[in-house]
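Comments concern the structure below.
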Amino acid sequence: MSGVAETKATEPTPAATAAEAAPEAAPAAPVAPEEKKEKKEEEEVEEPQNALTRKFTEEEWKAVKELRAQLPSIFAKAYPDRSPAPEAITLWGVPLSTVPDAKASVILAKFARARNLSATDAVEMLVATLKWRDELKIDEIMGETFDPEVFGKLGKVFGKDKEGHPVTYNLYGAVTDMKAVFGDVQKFIRWRVQFMEESIKLLDFETVDQMVQIHDYEGVSMMSRDASQKAAAKEATSIFQNHYPEFLVRPSSLYPLRFPLSLSMARRYTRLTPFQYRKFFINVPTLLTWIYWLFKPLVSAATLAKMSVVGSGAKTIGAELSQVIPLSELPKRYGGEAVPKDF
């Protein structure tokens with residue numbers, strides 16, 4: 001009997017069992033932070049997406065979100081005379097505010113990429129761009145009328161490349177009276193800005209946010225460039241580099257270029273990587289010396305890497321441009337099949 005009693009005495013009671021089991025529940029405590037994290041993620045607003053934003057990298061999204069969060073202070077810095085500062089603005093037809101929007105994300109990504117995804121540098125660039133647009137009075141420029149006999153032949157927009165990007169043409173030799181074009185440098189700048197803004201209207205920022213540029217120098221003599229032409233080129237280059245970020249189709253990273261290049265080397269790279277270039281210089285009167293002289297001190301290496309120098313003649317030009325632009329979209333004068341009415 002005593003043995004049986006001793007055995008019963010050592011069996012755990014229900015209370016003792018519960019007491020012994022209590023410590024085993026302790027590890028469940030760390031679940032709380034995970035639950036908070038999941039709740040926080042559920043509370044975060046899902047980013048609106050389009051075809052362009054779906055291509056963003058994690059680093060690009062991070063920069064975009066940081067830039068978006070600073071928009072209130074950006075607007076305050078850009079418009080110090082406005083009280084209160086605007087909560088939202090419209091840039092290139094796209095509303096910008098702290099409210100997530102796919103098109104707005106595409107615009108912000110342009111500034112972030114232009115500054116190597118540095119949010120701090122992108123903020124400075126966006127502030128400077130908004131200030132510049134306000135001071136230049138872009139809206140007034142868009143309503144300005146320029147002499148079609150002087151400026152109407154200088155810039156054309158026609159066709160699209162094989163990826164759907166609009167193609168713009170700058171025809172520097174179309175007007176023989178250079179003084180009429182460059183005599184008033186600021187007037188030329190206003191026309192050039194208007195032409196750029198009109199070209200941007202062709203971008204939907206959903207599937208396309210960049211363009212191809214073709215600079216035709218047929219009939220242009222670099223030896224006759226005067227001070228006004230040089231000043232206009234310098235100012236225009238500065239404007240497009242600092243206030244129109246990432247509007248040229250970005251080159252492939254598979255074949256990075258190293259500058260300076262000889263003409264033969266540039267053509268060699270053009271043949272090897274036809275889709276690497278989206279800014280073409282055609283009918284160039286000399287080798288690359290004047291291009292280096294004109295652009296190298298003013299343009300970043302990344303921008304220079306987007307340039308391609310092509311020779312003269314419809315056959316030569318067509319052989320190069322047709323790798324990027326369908327023949328049906330390329331004017332005959334450049335070796336294509338299209339016959340634009342106003343070319």
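Worth saying up front: this structure is predicted, and the values here are computed from it rather than measured.
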| field | Criterion side chain to side chain contact (heavy atoms under 4.5 Å, CB included) on Met125 and Lys110, from CA distance to verdict | value | CA-CA 10 Å; Met125 186 182 192; Lys110 287 181 171 293; over 6 Å; no
| query | side chain to side chain donor-acceptor pair (under 3.5 Å) between Glu197 and Tyr244: does it pass, once the steps are laid out? | reply | CA-CA 10 Å; Glu197 293 284 327; Tyr244 291 93; 2.6 Å; yes
| request: Kindly determine whether Asn242 and Thr129 satisfy side chain to side chain contact (heavy atoms under 4.5 Å, CB included), including the steps that lead there. | output: CA-CA 7 Å; Asn242 295 319; Thr129 295; over 6 Å; no
| task | Take Tyr79 and Ile89 through the test side chain to side chain contact (heavy atoms under 4.5 Å, CB included) and record every step on the way to the result. | result | CA-CA 11 Å; Tyr79 309 109; Ile89 65 160; 3.9 Å; yes
| Stepwise side chain to side chain contact (heavy atoms under 4.5 Å, CB included) test for Ser228 and Lys179 | CA-CA 8 Å; Ser228 295; Lys179 288 187 178 180; over 6 Å; no
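Proximity of a side-chain donor or acceptor of Ser118 to a complementary backbone N or O of Arg115 within less than 3.5 Å is not detected. Between the side chain of Gln323 and the main chain of Ala319, a donor-acceptor pair closer than 3.5 Å is present. Side-chain N or O atoms of Glu235 include none that pairs as donor or acceptor with a backbone N or O of Ile189 at under 3.5 Å. Using modelled atom types, one side-chain atom of Asn50 and one backbone atom of Leu52 make a donor-acceptor pair closer than 3.5 Å. Formation of a donor-acceptor pair under 3.5 Å by the Glu329 side chain with backbone atoms of Lys160 is found in this model.
In plain terms, the two heavy atoms of Asn283 and Gly313 that are nearest each other are OD1-N, 3.7 Å. Of all heavy-atom pairs between Ala114 and Pro245, the closest is CB-CB, 3.6 Å. Taking every heavy atom of both residues into account, Ala338 and Ser328 meet most closely at CB-O, 3.4 Å. Closest heavy-atom contact between Pro166 and Val208: CD-CG1, 4.0 Å. Between Phe56 and Val106, the shortest heavy-atom contact is CZ-CA, 4.0 Å. Ser322 and Leu327 make their closest contact through CB-CD2, 3.7 Å (heavy atoms, listed as atom of the first residue, atom of the second, distance).
With contacts defined as side-chain heavy-atom distances shorter than 4.5 Å, the pair Glu163/Gln210 does not qualify. The shortest distance between side-chain heavy atoms of Tyr334 and Val310 does not fall below 4.5 Å. Side-chain atoms of Ile214 and Ile325, non-hydrogen and from C-beta on, do get closer than 4.5 Å to each other. With a 4.5 Å cut-off on side-chain heavy atoms, Val181 and Tyr172 do not count as touching. In this structure, Leu321 and Val167 have side chains that are not in contact, with every pair of non-hydrogen atoms separated by 4.5 Å or more.
In this structure, Met178 CE and Asp226 CG are separated by 10.0 Å, a value rounded to the nearest 0.5 Å. Taking CG of Leu203 as the reference point, atom NZ of Lys103 lies at 11.0 Å (rounded to 0.5 Å). We find the CG-CG distance between Asp216 and Asn170 to be 9.5 Å, quoted to the nearest 0.5 Å. Here the NZ atom belonging to Lys156 is positioned 12.0 Å from the OG atom belonging to Ser199, to the nearest 0.5 angstrom. Atom NZ of Lys77 sits about 8.0 Å away from atom CD of Glu124, to the nearest 0.5 Å. Annotation: the span from Leu108 atom CG to Leu67 atom CG amounts to 4.5 Å, rounded to 0.5 Å.
Counted within 6.0 Å of CD on Glu206, heavy atoms from surrounding residues, nucleotides or ligands total more than 12; the atom is thus considered enclosed.
Ring orientation note: the planes of Phe205 and Phe247 are nearly perpendicular, at an angle over 60° on the 30°/60° scale. Phe195 and Trp191 have parallel rings, their planes meeting at less than 30° on a 0 to 90° scale where 60° marks the start of perpendicular. Aromatic ring orientation, Phe281 versus Tyr217: parallel (interplanar angle below 30°, classes split at 30° and 60°). Ring planes of Phe182 and Phe188: tilted class, angle from 30 to 60°.
Leu202 and Ile141 fall within the same hydrophobic cluster, where Ile, Leu, Val, Met, Phe, Trp and Tyr residues are linked whenever their side-chain heavy atoms come under 4.5 Å apart, directly or through other members. Val127 is not connected to Leu117 by any chain of hydrophobic side-chain contacts under 4.5 Å among Ile, Leu, Val, Met, Phe, Trp and Tyr, and they are in different clusters. Under a hydrophobic clustering in which Ile, Leu, Val, Met, Phe, Trp and Tyr are joined whenever their side-chain heavy atoms come within less than 4.5 Å, directly or via other members, Ile200 and Met142 fall into the same cluster.
Among Arg113, Lys65, Arg54, the one residue that satisfies the salt bridge (Lys or Arg N to Asp or Glu O under 4.0 Å) test with Glu60 is Arg113.
Salt-bridge check for Asp134 with Arg82: passed, with a basic side-chain N closer than 4.0 Å to an acidic carboxylate O. Salt bridge status for Lys62 with Glu59: absent, with no side-chain N to carboxylate O gap under 4.0 Å.
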